[in-house]
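A short write-up of the structure that comes next.
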Amino acid sequence: MTESGRNCRKTDVGVLYRTLRGVLCLMSGCALNEKEFFSCCQLLLQQSEHLRDGWSWEAVQGSEEGYLRKTVLRSVLADCYDAQKQTETASDSVSPVSAHPIQELQQQERTQPVVATCFHSDGIIGDDGDEDDAVCVLSEGSSHVLQYEYHILYSCSYSAPVLYFRAFTLEGRSLTLEDVWSSVHPNFRHCLQNSPLTAITQQEHPLLGQPFFMLHPCRTEEFMRPVLQEAQEQPRPVNYVLLWLSVVGPVVGLDVPLKYCTQLHLSSLQRSTSDLMSSTVETGVRRFARKTCK
Amino acid sequence: IMADDKDVLRDVWFGRIPTCFTLNQDEVTEREAEAYYLLLPRVSYLTLVTDKVKKHFLKVMRAEDVEEMWFEYEGTPLKWHYPIGVLFDLHASNSVLPWSITVHFKNFPDRDLLHCPSSSVIEAHFMSSIKEADALKHKSQVVNDMQKKDHKQLWMGLQNDKFDQFWAMNRKLMEYPTEEGGFRYIPFRIYQAMTGNDRPFIQKLFRPVSPEGNAYTLGDLLKEMYPAAITNDGEQKRYQVVIHGIEPLLETPLQWLSEHLSHPDNFLHICVVPTPSD
């Protein structure tokens, strides 16, 4: 581990480019500092706006400090949700839910430009009322529609992004950790259960002070290092936060469309980043799973 | 000086807060519940040390009226994942002892409090704090070099109130290369009583030693992170800066505070509370 760390620093290019369109980060080392985090988030945000993927930036007290936020509505198939609730399953039993645990409403409503991304409803989301969200009308039985909220924050302790999330029913009942397990990909469920520090735990949101679930960041540098090393050897500009998200997002049911890379207008960057991202999702996910299983 | 420093460690570890637990009057009971008195360790966690409180009140309740236990002080749900001493200093430092806490067994406020279904959740939280503190102090090198049984020793020391057992292991987390003059960054959190915003605490990167090699003080930290807490010359003192129930001098070196006044989780928890107006 220390060995690869040393190698990483040797191939250090250490340059940060700013373009008119956003920021391309050539990573200096394998850790992410707060300024880089902010820049990566702004770039991700730009692309999200093009793709209508629903991410927004929540600033803290008018500073550069803040976090990315996205709300997703999911309908869970009725029988599967009930089955999940009733069974205290062993981790290796395969229920109908594990095959296709989540149906993203986005996939079903491709024709509608404003999808159920940012959801605004009385009594569900707290008191941040300054969003320009559209109201999404759902005809499903509301008890089977869940609202997931994802936040990407920066951890100065681990020099890495951290994923926080929480989920509610439309009636406002908070989902418990047990409920949330059903949104975790079956391949990860087993691994995460064995490794408490990369597991999903309930934590206090460091900026909002409310309970959220969190994917522990202490191993992030470990599984990002090989990916970044590969990028630095080319050298390829990468968006650390986007790459990181493409690895950890799927673990908790958050999809990161590959289209993020094809949105960029620089053709060489387009090719290299999308190659990297598709290989990242595959290898990074495997590495992440291996690391968490220790 | 060494002997005095060790005394500080002991005083911190053995600090206690006399507390009176009263059952929420809306709870359904079979007969009247008496208050329960307990000395709470400042450095521990509510859900770790209140088994006796739970047993006491369960005696007068029916099982069907009992859900997850939670605590509240003057309407504010108490966050069990904060050290007890921090909760007291933040919410009740200038009120009369014993500290009066209300016990609830219903209507768990899941928008405010983390769930605590078992002591393994407390252990995971505690160890997570220790690991985060070491990430700041030593880039995680010391904690990662420890074995699983060493981690267990830290937890068992806290759980069983064993100072020597705990510090036999914790002293490793308090070491640093002499040439550095201190840790890489100081693990700290600054809590503000009654804030207008949601932010529960301030935690940022801060080095204990300046590039010129001078030791930063508590005052330097506050000037950077929470300047409102510093009283300027001629002004009336608006805030108290409290650590383990005392107000350390602002000239105290931050490195020394981190080594001696940290909680067992290896964080320096600093409460900024309004000065009482008598």
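Everything quoted here is computed from the prediction, not taken from an experiment. In what follows, chains carry the letters A, B, and so on, assigned in the order in which the sequence lines appear, proteins first and then strands, with residues in each chain numbered from 1. Values below: all heavy atoms of this structure, side chains included; hydrogens, waters and symmetry mates excluded.
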Would you say Glu204(A) and Tyr82(B) are linked by a side-chain donor-acceptor pair, where the criterion is simply a distance under 3.5 Å?
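Yes, a side-chain donor-acceptor pair sits under 3.5 Å.
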Ser157(A) versus Gln203(B), side-chain donor and acceptor atoms under 3.5 Å
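Yes, Ser157(A) and Gln203(B) have a side-chain donor paired with an acceptor closer than 3.5 Å.
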Looking at every heavy atom in both Pro200(B) and Pro206(A), which two are closest together, and how far apart are they?
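Nearest heavy atoms, Pro200(B) then Pro206(A): CD-O, 3.1 Å.
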Between His216(A) and Ser128(B), what is the shortest heavy-atom contact and its length?
NE2-OG, 3.1 Å
Which atoms of [X] approach chain A - backbone, side chain, both or neither, heavy atom under 4.5 Å:
X: Lys79(B); value: side chain
X: Asp110(B); value: both
X: Ile202(B); value: neither

Output the option from Gln203(A), His205(A), Glu34(A) having the highest count of non-hydrogen pairs under 4.5 Å with chain B.
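If we count pairs closer than 4.5 Å to chain B, Gln203(A) comes out on top.
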Show the numbers, then the answer: is there a side chain to side chain contact (heavy atoms under 4.5 Å, CB included) between Arg199(B) and Val60(A)?
CA-CA 9 Å; Arg199(B) 192 178 199 138; Val60(A) 173; 3.7 Å; yes
How many angstroms lie between atom CG of Leu114(B) and atom CG of Leu177(A), to the nearest 0.5 angstrom?
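Rounded to the nearest 0.5 Å, the CG-CG separation comes out at 11.5 Å.
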For the CG atom on Asn107(B), are there more than 12 heavy atoms of other groups (residues, nucleotides or ligands in this structure) within a distance under 6.0 Å?
no
Within the distance-only criterion (no hydrogens, no angle test), does the side chain of Gln202(A) pair as donor or acceptor with the backbone N or O of His115(B) below 3.5 angstrom?
yes
Close side-chain approach of Tyr158(A) and Lys139(B), heavy atoms under 4.5 Å:
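They are not in side-chain contact.
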